[in-house]
> 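One structure, pasted below without further comment.
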Number of protein chains: 2
Amino acid sequence: MNETRWLDDEEQRAWRSFVRMTEKLNARLHRQLQTDSELSLSDFAVLVGLTDVPTESLRVSELAAALEWEKSRVSHQITRMERRGLVERVDCPNDGRSAFVNLTACGRKAIEAAAPQHVETVRTLFLDHLTRAQLKALGTIADQVLEYLDSADAS
Amino acid sequence: MNETRWLDDEEQRAWRSFVRMTEKLNARLHRQLQTDSELSLSDFAVLVGLTDVPTESLRVSELAAALEWEKSRVSHQITRMERRGLVERVDCPNDGRSAFVNLTACGRKAIEAAAPQHVETVRTLFLDHLTRAQLKALGTIADQVLEYLDSADAS
DNA sequence: ACACTTTAGATGACGTGTCAACCAAATCTG
DNA sequence: CAGATTTGGTTGACACGTCATCTAAAGTGT
């Protein structure tokens with residue numbers, strides 16, 4: 001059992017600020033979407049995932065892969081969204097186990113209505129406060145960290 | 001109704017990476033804490049909040065302020081943690097409405113056992129992949145954004 | 001003292017997320 | 001082809017978070 005290498009002052013401060021920022025940012029974005037468009041960030045993610053493909057339809061497992069969500073999470077989410085008419089499940093003819101998730105007209109309307117406001121909020125709450133250089137730097141940081149996290153996923 | 005100013009390529013990419021990183025990071029940290037120490041990040045936050053004061057005891061509202069959580073969230077969390085013996089509620093003698101949340105011996109033991117591993121994980125998953133300059137830059141970004149978010153809270 | 005408002009906190013309903021168990025169709029293997 | 005395994009997905013239990021509602025104690029004003 002080694003000595004713990006605690007965070008020094010700078011690390012402490014940066015890490016705390018970072019965590020606090022992401023939590024607040026997330027809470028704000030969620031709230032904005034919820035109150036303005038009656039969608040959660042999860043709803044939004046699913047709708048984006050579906051609109052991103054030309055058919056506006058994906059099998060549950062494809063959706064799970066695209067969002068990097070667990071299958072069961074997708075399943076629960078789809079169940080809830082189906083109740084609200086945002087998406088629909090359709091049995092797959094080729095594969096009796098599989099199910100398609102289709103975007104409904106209602107779902108398309110919902111995301112088209114929500115997206116502009118959401119983007120605007122991302123700007124107001126976040127992007128507006130960064131210079132281009134900072135944006136670039138942040139992107140690099142995220143990609144570096146993701147490279148590790150993704151590789152660790154694989155193993 | 002103005003034209004929506006969609007994100008340009010660089011913004012899109014950086015924002016996506018950032019979101020993806022925070023989600024993954026959060027999931028990993030949560031999982032590590034859960035499997036190694038049987039604590040959630042929320043449990044951990046509460047325990048840190050309590051150990052941060054000399055008395056290891058805070059009123060619910062003070063805890064809520066310290067963590068920037070809603071009172072009801074704190075209340076639910078404390079209820080769950082109390083069931084597991086990590087904290088205890090004690091009626092406040094001065095103020096009949098108020099309740100203290102005390103760290104228990106069990107709770108102190110839990111966080112003391114969990115903290116070193118958690119810090120190590122923060123390093124492995126995140127800090128190790130940043131240079132000092134990047135860490136500093138990230139801290140600055142977070143503080144800039146927080147300055148806005150905090151000011152927006154006040155109003 | 002009495003009514004009015006504010007404050008501290010608890011609670012219930014509901015959406016969300018994870019884990020483990022499960023089911024049935026598909027596929028592989030002897 | 002029969003039996004085992006793998007794959008795609010669902011389900012139930014439970015932790016978590018938010019919102020709205022509620023209770024009771026404190027504080028306020030007359």
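Order of the sequence lines sets the chain letters (A, B, ...), proteins ahead of strands, with each chain counted from 1.
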> Checking side chain to side chain contact (heavy atoms under 4.5 Å, CB included) between A:H30 and each of A:L39, A:L41, A:T35, which is the one that passes?
A:L41

> I need the CG-C1' distance between B:D91 and C:dA10, as an integer number of Å.
13 Å

> Need to verify one output field. Residue with the more 5' nearest nucleotide on DNA chain D, B:S42 or A:R59?
A:R59

> Which part of the nucleic acid, if any, lies within contact of B:Q34, taking any heavy atom under 4.0 Å across all strands shown: a base, the sugar-phosphate backbone alone, or nothing?
nothing

> Counting distance alone, no hydrogens or angles: does the base of C:dT7 have a donor or acceptor under 3.5 Å from a partner atom on the side chain of B:R97?
yes

> Any heavy-atom pair between the side chains of B:H118 and B:F44 that's under 4.5 Å?
yes

> Going 5' to 3' along DNA chain D, between which two nucleotides do contacts with chain A fall, using a heavy-atom cut-off of 4.0 Å?
D:dT7 to D:dC19

> Rounding to an integer number of Å, can you tell me how far B:L33 CG sits from C:dC19 C1'?
17 Å

> Would B:Q77 and B:R80 count as a side-chain hydrogen bond (donor to acceptor under 3.5 Å, both in side chains) if you check the C-alpha gap in whole Å, the side-chain angles of each, and the deciding distance to 0.1 Å?
CA-CA 5 Å; B:Q77 185 67 32; B:R80 289 186 296 257; 2.8 Å; yes

> Taking atom C1' of C:dT7 as reference, at what distance in whole Å does atom CD of B:E62 sit?
14 Å

> For the pair A:K24 and B:D150, find out whether any cationic side-chain nitrogen is under 4.0 Å from an anionic carboxylate oxygen.
yes

> To the nearest Å, give me how far apart CZ (A:R73) and P (C:dG15) are.
16 Å

> So what is the 5' to 3' dot-bracket string for DNA chain D, if pairs are Watson-Crick or G-U wobble with both distances under 3.5 Å, crossing pairs use [ ] and | means the partner sits on another strand?
||||||||||||||||||||||||||||||

> Mapping A:M81 and B:D95 to their closest nucleotides on DNA chain C, which lands nearer the 5' end?
B:D95

> Name the pairs: protein N/O against N/O of nucleotides 11-14 of chain C, kept only if under 3.5 Å.
unit_1: C:dG12; atom_1: O6; unit_2: B:H76; atom_2: NE2; d: 2.8

> Write down the atom of A:S40, the atom of A:L33, and the distance for their closest heavy-atom approach.
O-CD2, 3.7 Å

> 5'-most contact on DNA chain D: B:L41 or B:P93, nearest heavy atom basis?
B:L41

> Output the rounded distance in Å from CZ (B:R31) to C1' (C:dC19).
11 Å

> With nearest nucleotide decided by heavy atoms, which residue, A:D43 or B:T35, maps closer to the 5′ end of DNA chain C?
A:D43

> Can you measure A:Q77 atom CD to C:dG15 atom P for me and round it to whole angstrom units?
11 Å

> Between B:D8 and A:R132, is there a salt bridge with N-O shorter than 4.0 Å?
yes

> Do A:V122 and B:W15 have side chains that get closer than 4.5 Å, going by heavy atoms?
yes

> Would you call the rings of A:F18 and B:F18 parallel, tilted or perpendicular if under 30° counts as parallel and over 60° as perpendicular?
perpendicular

> Under 4.0 angstrom, heavy atoms only, what part of the nucleic acid is A:N26 near: base, sugar-phosphate, or nothing?
nothing

> Looking at B:R123 and A:E11, is there a salt bridge between them, counting it only when a charged N and a carboxylate O are closer than 4.0 Å?
yes

> Taking only Lys NZ, Arg NE, NH1 and NH2, and the carboxylate oxygens of Asp or Glu, determine whether A:E120 and B:R5 approach each other closer than 4.0 Å.
no

> C:dT18 C1' sits how many Å from A:R80 CZ, rounded?
12 Å

> Between B:R59 and B:E62, does any NZ, NE, NH1 or NH2 come within less than 4.0 Å of an OD or OE carboxylate oxygen?
yes

> Taking all atoms of both residues into account, what is the closest heavy-atom pair of B:H129 and A:V145, and its distance?
CB-CG2, 4.2 Å

> Please report the distance, rounded to the nearest Å, between CD in B:E23 and C1' in C:dG17.
12 Å

